[in-house]
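Before any comments, here is the structure.
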Number of protein chains: 2
Amino acid sequence: MAKIKRNRNGTRKDVIIAKAAKLFREKGFSATSMRDLAEHVGVEAASLYNHISSKAEILQEICFKTANNFMSHIEEVDATPNKTAIEKIQAILRFHIKQMLDNYEEVYVSDREWKHLTDPYLSNMQSQRRAYRQRIASVIEEGIRKGEIKPIDAPTAVLIMLHAVSGIESWHRSKKKIAGEVLEDNMVQILVDGLRKQA
Amino acid sequence: MAKIKRNRNGTRKDVIIAKAAKLFREKGFSATSMRDLAEHVGVEAASLYNHISSKAEILQEICFKTANNFMSHIEEVDATPNKTAIEKIQAILRFHIKQMLDNYEEVYVSDREWKHLTDPYLSNMQSQRRAYRQRIASVIEEGIRKGEIKPIDAPTAVLIMLHAVSGIESWHRSKKKIAGEVLEDNMVQILVDGLRKQA
DNA sequence: ATAAAATGCTAACAAATGTTAGCGTGAATT
DNA sequence: AATTCACGCTAACATTTGTTAGCATTTTAT
């Protein structure tokens, strides 16, 4: 009988999805049951279906919302004039880090659990991810041509960047957290200029 | 009736664990059923229990074997005399990359699925992972003190390194694979010296 | 050759899974 | 005040889950 309390500006569906994102992150999509989710929402499992149509739909919403978010941003960055390749890379990195700090649960889930999507969503997500990586690779290749970036294998650089950023997961769990901006600066610096001290 | 074919030098249990690692990687631990595993092994689900005692045990074996492997290596590196901090970091990185290339399934599973361990194994794994990261952080801090490494936040550097390496997963899936050694060189170079071309 | 051990099978189990049906109640709309 | 709609509940469903029991057969050791 106790209704789902929705936050101001949000539907009850949003509440469910937010709680689901948290559980999917903690236990994974497959290991999270609808009864589990219901309990955290404060309702019986069957009641969830007044707001969502299936467990799969929840994952879809999380994944595609996040993916669109990143895709929009990179298009914006790429379209901005007068930016060096390094600046573009920095902007992309900082956006990733900020997203990881602000929308931790959803970004994390979307990155780790998208494999549990089912077709046609699965194929769709796969090509979106491929396209996204390809765009970053292009920026890097542009930088290499212009002599700003050293001639390394661009796809390798992309996967290092993206996975490095996803490491913020560990930061989230860590007790002695350093501040978000410090973290951001450190990550960008290490990726752009490396660990070694230059003489 | 068809028996599990074991490879030379390996028990049937090893075969099961190898197949399990592959499935756990592809679908995740929770989404892989024992019947699923049995089918890939070529046997009925119940027959698996002549070789293993539970699904959980399979995950335990994969995770702890891998963890011990990494722990042994870092102890060895750390004990080697006449090595600069940068050289130690490079050795650790190269070992990670090599492990990821040679024992892909198990390393990947152990990194992504250890959360599904149950206590006491879960706690045990958590502290092993913490200890491992701490050791790397110490190497970095040593390097900072000696002026080889720029003064960045060591835990941040560790998480970047480790997650960057786990990005080889994408490389594995990629069609146009570059050679293993080239990948290794690229990764080490990017992490140690960064993306930016030095003037 | 015979006993013991290893390994496979079928059948079955209890529990957990996602989901639907149908009903009741309070809030919103007419 | 009457009606509709939103949203919660309980009960139930068909599958799927990990696992065990019991038996048959093959392999190994005596």
Side-chain angles (χ1 to χ4, degrees), chain A residues 1-21 23-24 26-63 109 113 115-119 121-122, chain B residues 1-21 23-24 26-63 109 113 115-119 121-122:
Chain A
M1 203 134 302
K3 283 207 180 157
I4 300 175
K5 282 181 197 156
R6 70 189 156 192
N7 312 348
R8 191 178 13 244
N9 299 353
T11 68
R12 281 172 237 267
K13 181 170 178 176
D14 294 333
V15 175
I16 292 173
I17 291 180
K19 286 277 184 202
L23 290 174
F24 290 173
E26 287 170 2
K27 326 175 42 165
F29 175 77
S30 294
T32 303
S33 75
M34 293 302 275
R35 284 166 181 82
D36 220 2
L37 172 56
E39 197 178 339
H40 280 79
V41 169
V43 97
E44 291 298 316
S47 307
L48 296 172
Y49 289 83
N50 286 319
H51 306 280
I52 51 130
S53 71
S54 67
K55 188 186 179 188
E57 191 211 5
I58 301 179
L59 185 61
Q60 288 154 23
E61 300 241 349
I62 294 173
C63 290
V109 167
E113 303 292 324
K115 285 187 194 178
H116 296 101
L117 291 169
T118 49
D119 270 325
Y121 302 98
L122 178 59
Chain B
M1 201 132 306
K3 283 212 179 154
I4 300 177
K5 283 181 195 156
R6 73 190 154 192
N7 313 346
R8 190 180 9 246
N9 298 353
T11 69
R12 281 174 237 266
K13 182 171 177 175
D14 293 334
V15 175
I16 292 173
I17 290 180
K19 286 276 183 205
L23 289 174
F24 291 173
E26 287 170 0
K27 326 178 38 165
F29 175 77
S30 294
T32 303
S33 75
M34 293 303 274
R35 285 167 180 82
D36 220 2
L37 171 57
E39 198 178 337
H40 280 79
V41 170
V43 98
E44 290 298 314
S47 307
L48 296 173
Y49 289 83
N50 285 320
H51 306 279
I52 52 130
S53 71
S54 68
K55 188 186 178 187
E57 191 211 4
I58 301 178
L59 186 62
Q60 288 155 23
E61 300 241 350
I62 293 173
C63 290
V109 166
E113 303 292 324
K115 286 187 191 175
H116 296 99
L117 291 169
T118 49
D119 269 326
Y121 302 97
L122 178 59

Query raised in the report: With no hydrogens and no angle check, is any side-chain donor or acceptor of K55(A) less than 3.5 Å from a backbone partner on F29(A)?
Result: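 Checked: pair present.
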Requested in this report: Tell me whether the OP1 or OP2 atom of dG8(D) has a side-chain N or O from H51(A) closer than 4.0 Å.
Outcome: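 For dG8(D), OP1 or OP2 has a side-chain N or O of H51(A) closer than 4.0 Å.
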Report task. Tell me whether the OP1 or OP2 atom of dA6(C) has a side-chain N or O from R12(B) closer than 4.0 Å. Result ->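 No, outside the criterion.
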From [atom1] of [X] over to [atom2] of [N], roughly how many Å is that when rounded to an integer?
{"X": "Y49(B)", "N": "dG8(C)", "atom1": "OH", "atom2": "P", "value": "14 Å"}
{"X": "L48(A)", "N": "dT20(C)", "atom1": "CG", "atom2": "C1'", "value": "14 Å"}
{"X": "H116(A)", "N": "dG18(C)", "atom1": "NE2", "atom2": "C1'", "value": "15 Å"}
{"X": "E57(B)", "N": "dG18(D)", "atom1": "CD", "atom2": "P", "value": "15 Å"}
{"X": "L59(A)", "N": "dG18(C)", "atom1": "CG", "atom2": "C1'", "value": "15 Å"}
{"X": "L23(B)", "N": "dG18(D)", "atom1": "CG", "atom2": "C1'", "value": "16 Å"}
{"X": "I16(B)", "N": "dT19(D)", "atom1": "CD1", "atom2": "P", "value": "13 Å"}
{"X": "N50(A)", "N": "dG22(C)", "atom1": "CG", "atom2": "P", "value": "15 Å"}

To the nearest 0.5 Å, what is the distance between [atom1] ([X]) and [atom2] ([Y])?
{"X": "Q60(A)", "Y": "L117(A)", "atom1": "CD", "atom2": "CG", "value": "6.5 Å"}
{"X": "D36(A)", "Y": "K27(A)", "atom1": "CG", "atom2": "NZ", "value": "3.5 Å"}
{"X": "I58(A)", "Y": "I16(A)", "atom1": "CD1", "atom2": "CD1", "value": "6.5 Å"}
{"X": "T32(B)", "Y": "E113(B)", "atom1": "OG1", "atom2": "CD", "value": "8.0 Å"}
{"X": "I62(B)", "Y": "E57(B)", "atom1": "CD1", "atom2": "CD", "value": "10.5 Å"}

Query raised in the report: Quick one: which of L59(A), V109(A), L122(A) gives a side chain to side chain contact (heavy atoms under 4.5 Å, CB included) with H116(A)?
Result: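 Of the listed residues L59(A), V109(A), L122(A), the side chain to side chain contact (heavy atoms under 4.5 Å, CB included) partner of H116(A) is L59(A).
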Report task. Using a cut-off of 6.0 Å, state whether more than 12 heavy atoms not belonging to E39(B) lie near its atom CD. Result ->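 Incorrect, the count does not exceed 12.
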Requested in this report: Return the nearest nucleotide to the side chain of V43(B); candidates are dC9(D), dG8(C), dT19(D).
Outcome: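 Of dC9(D), dG8(C), dT19(D), dG8(C) is nearest to the side chain of V43(B).
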Query raised in the report: In the 5'-to-3' direction, what one-character label does each nucleotide of nucleotides 10-17 of chain C receive under the scheme B = base within less than 4.0 Å of a protein heavy atom, S = sugar-phosphate only, - = no such atom?
Result: BBB----B
Query raised in the report: M34(B) versus I52(B): any side-chain heavy-atom pair under 4.5 Å?
Result: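 Yes; the side chains approach each other to less than 4.5 Å.
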Requested in this report: Quantify the bending of the helix from dA1(C)-dT30(D) to dT30(C)-dA1(D) as the angle between its end axes, each fitted on five pairs, to 10°.
Outcome: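 Taking five pairs per end, the axes differ by 20°.
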